[in-house]
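In what follows, a single structure is set out as structure tokens and then discussed.
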Amino acid sequence: MVPRDVERWHNPDWRTRLTAWWEGYDLTRLPHRPPTRLPARSSFDRRPDLRPADASGLPVAGPTSPLPASATDAAAEAIRQELDRLSLMQLDRHGEPVWSAARTEGAQLLWGEDQTGPGDAQWMVDSVRPFGLNAAKSVLDLSAGLGGPARALANACDTWVTGLEASPLLAKLAMDRSKTLGVSRKAPIAHYDPEHFNQAGSFDLVMADRIVHRVRDKEMFLDRIGDCVKPKGGILMFDYVIDGTPGSWDNWNGWREEEPMEVYPWTGTRLADELTQRNLDLRITEDLTQLHRRQIVDRVRKLGEALKTCVPDGRVLNALARELKLWWARLRVLGNGLRFCRYVAMKPA
């Protein structure tokens, strides 16, 4: 091992610590050495100094930031206060915001611009092609996130998409983004409470991505979904379901503890039966667990490459570490007691 590698492991920077943590290594067991003093930079050294551009802890304006690039100091402070207020409207079991401005930036570093989870916008567009969406049809997205999939559907299928999001902060950022891109009428995003879901109107397609397992009163939620689907309309649902006995109860309990909010997953059979009992024609039940795992792992690898040239500020880095810890807990149970499944159902005429 060359001296540079020895230095890297004994005095790891944040990239090395993040990589080691994801791979399951504990660097605290290595003896600490005083860092090697590097020579001062020459005045002729024109290489970029890769330090955080904003040491104040505020989100740095950019393509993945909730702050507009042209924001003045006063405007940025007003936006920050509004985002903080919205983040405090949804707290996890420990009293911390489920979503923060920093977490939205970290999530986009991991999943891509305007994304909050695995499966990019194009993947969702491909998933809805069998429903034949067009300008005369409408879609209800019950897990809009930052609005990336909703806007992608509106643009690719020339259809009308109403997005609903359980996080007040994400809903606000998503709607602002739709306004900025000029699609606020074709892809509006609003906040809602899944536990008291009562959407007016009817739609040709209702989408729900990883939301049903978070709802306590699933029977009511599914009733409301059935009510707002037009005759001959469809339901596209992706969700986590229980699959037998967990391979490790420690991993299972660790996953549930790591989730920001309580989760109430059903078995795959129970979810399928509940859809059928609502006079819906269940066409497809598909296990996508391995695809889901690959999507997660591939994005983590891409994140590692991106972090070689991008240094997020401390707040974003901490939020990103939290995000990775959550998805690591999910990976440990996916395929070992938990499955990720797709359900396609149609409402009879």
Side-chain angles (χ1 to χ4, degrees), residues 66 81-101 103-104 107 114-117 124 138-151 153 160-179 184 187-203 205-230 233 235-241 256-266 270-271 274-275 278 280 322-323 326 330 343 345:
Q81 291 180 2
E82 174 64 7
L83 297 183
D84 286 346
R85 183 187 70 81
L86 292 172
S87 68
L88 292 173
M89 291 176 64
Q90 187 188 43
L91 303 179
D92 64 17
R93 68 183 76 193
H94 305 297
E96 297 293 330
V98 175
W99 282 96
S100 64
R103 186 185 175 191
T104 65
D114 293 343
Q115 299 295 125
T116 57
M124 189 60 71
S138 59
V139 179
L140 177 63
D141 183 357
L142 296 174
S143 47
L146 287 170
R151 288 187 291 272
L153 290 181
W160 302 83
V161 184
T162 298
L164 297 180
E165 168 54 44
S167 164
L169 176 65
L170 293 184
K172 162 67 173 173
L173 295 175
M175 188 58 189
D176 287 349
R177 183 73 167 152
S178 288
K179 290 178 180 177
S184 59
I189 313 294
H191 170 251
Y192 83 120
D193 181 357
E195 296 290 352
H196 301 91
F197 171 51
N198 191 21
Q199 175 67 24
S202 56
F203 301 84
L205 173 64
V206 176
M207 298 163 40
D209 182 14
R210 292 173 288 126
I211 186 67
V212 175
H213 75 287
R214 301 182 181 281
V215 179
R216 184 189 296 270
D217 190 353
K218 292 179 177 51
E219 290 88 349
M220 180 279 296
F221 190 71
L222 293 177
D223 285 342
R224 299 289 81 80
I225 289 179
D227 291 342
C228 63
V229 179
K230 293 179 180 179
I235 296 174
L236 175 61
M237 189 178 297
F238 299 92
D239 222 295
Y240 297 125
V241 294
R256 299 192 65 142
E257 180 62 28
E258 199 61 46
E259 288 288 342
M261 310 288 284
E262 291 289 344
V263 291
Y264 315 93
W266 276 346
R270 171 77 185 277
L271 184 51
E274 292 285 346
L275 291 171
R278 283 160 177 77
L280 297 170
R322 178 186 176 190
E323 188 80 3
L326 170 61
R330 289 171 178 167
Y343 298 87

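As the structure is a prediction and not an experimental result, all values here were calculated from the model.
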With a 4.5 Å heavy-atom cut-off, do [X] and [Y] have their side chains touching?
X: E258; Y: R330; answer: no
X: R85; Y: Q81; answer: no
X: T162; Y: V139; answer: no
X: L236; Y: V206; answer: no
X: M237; Y: L275; answer: yes
X: C228; Y: F197; answer: yes
X: F221; Y: E274; answer: no
X: I225; Y: L142; answer: yes

Does the [X] side chain pair with the main chain of [Y], one donor and one acceptor, at a distance under 3.5 Å?
X: R256; Y: V263; value: yes
X: H191; Y: A171; value: no
X: R93; Y: M261; value: yes
X: D239; Y: I211; value: yes
X: S143; Y: D209; value: yes
X: Y343; Y: L271; value: no

Write down the atom of [X], the atom of [Y], and the distance for their closest heavy-atom approach.
X: K230; Y: S138; answer: NZ-OG, 4.2 Å
X: R103; Y: P260; answer: NH1-CG, 4.5 Å
X: L91; Y: V98; answer: C-CG2, 3.7 Å
X: W99; Y: L169; answer: O-CD2, 3.5 Å
X: M175; Y: S184; answer: CE-CB, 3.7 Å
X: G147; Y: A174; answer: N-CB, 3.8 Å

Give, for atom [atom1] of [X] and atom [atom2] of [Y], the distance between the pair rounded to the nearest 0.5 Å.
X: L83; Y: T104; atom1: CG; atom2: OG1; value: 8.0 Å
X: L173; Y: S167; atom1: CG; atom2: OG; value: 8.0 Å
X: Q115; Y: L146; atom1: CD; atom2: CG; value: 8.0 Å
X: D193; Y: L164; atom1: CG; atom2: CG; value: 11.5 Å

Salt-bridge present ([X], [Y]; N to O < 4.0 Å):
X: E195; Y: R224; value: no
X: R216; Y: E262; value: no
X: E82; Y: K172; value: no
X: D223; Y: K218; value: no

Note to self: Using 30° and 60° as the class boundaries, would you call the ring planes of H213 and Y240 parallel, tilted or perpendicular?
What the structure shows: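 Geometry flag for Y240 against H213: perpendicular rings.
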Next item on the list: Identify, with sequence neighbours excluded, every residue that meets salt bridge (Lys or Arg N to Asp or Glu O under 4.0 Å) alongside D217.
Entry: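 Partners of D217 by the salt bridge (Lys or Arg N to Asp or Glu O under 4.0 Å) criterion come out as none, since no residue qualifies.
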K179 meets the salt bridge (Lys or Arg N to Asp or Glu O under 4.0 Å) criterion, sequence neighbours left out, with none
Modelled atom types, side-chain donor and acceptor of S178 and R151, under 3.5 Å: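 Judged by distance alone, the side chains do pair up.
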(message) Let's go through L205 and L140 carefully: what are the C-alpha distance in whole Å and the side-chain angles of both, what is the deciding distance for side-chain contact (heavy atoms from CB on, under 4.5 Å) to 0.1 Å, and is it a yes or a no?
(response) CA-CA 6 Å; L205 173 64; L140 177 63; over 6 Å; no
For this session: Assess whether salt bridge (charged side-chain N to carboxylate O under 4.0 Å, His left out) is satisfied between R177 and E165, documenting all intermediate values.
Result: CA-CA 14 Å; R177 183 73 167 152; E165 168 54 44; over 6 Å; no
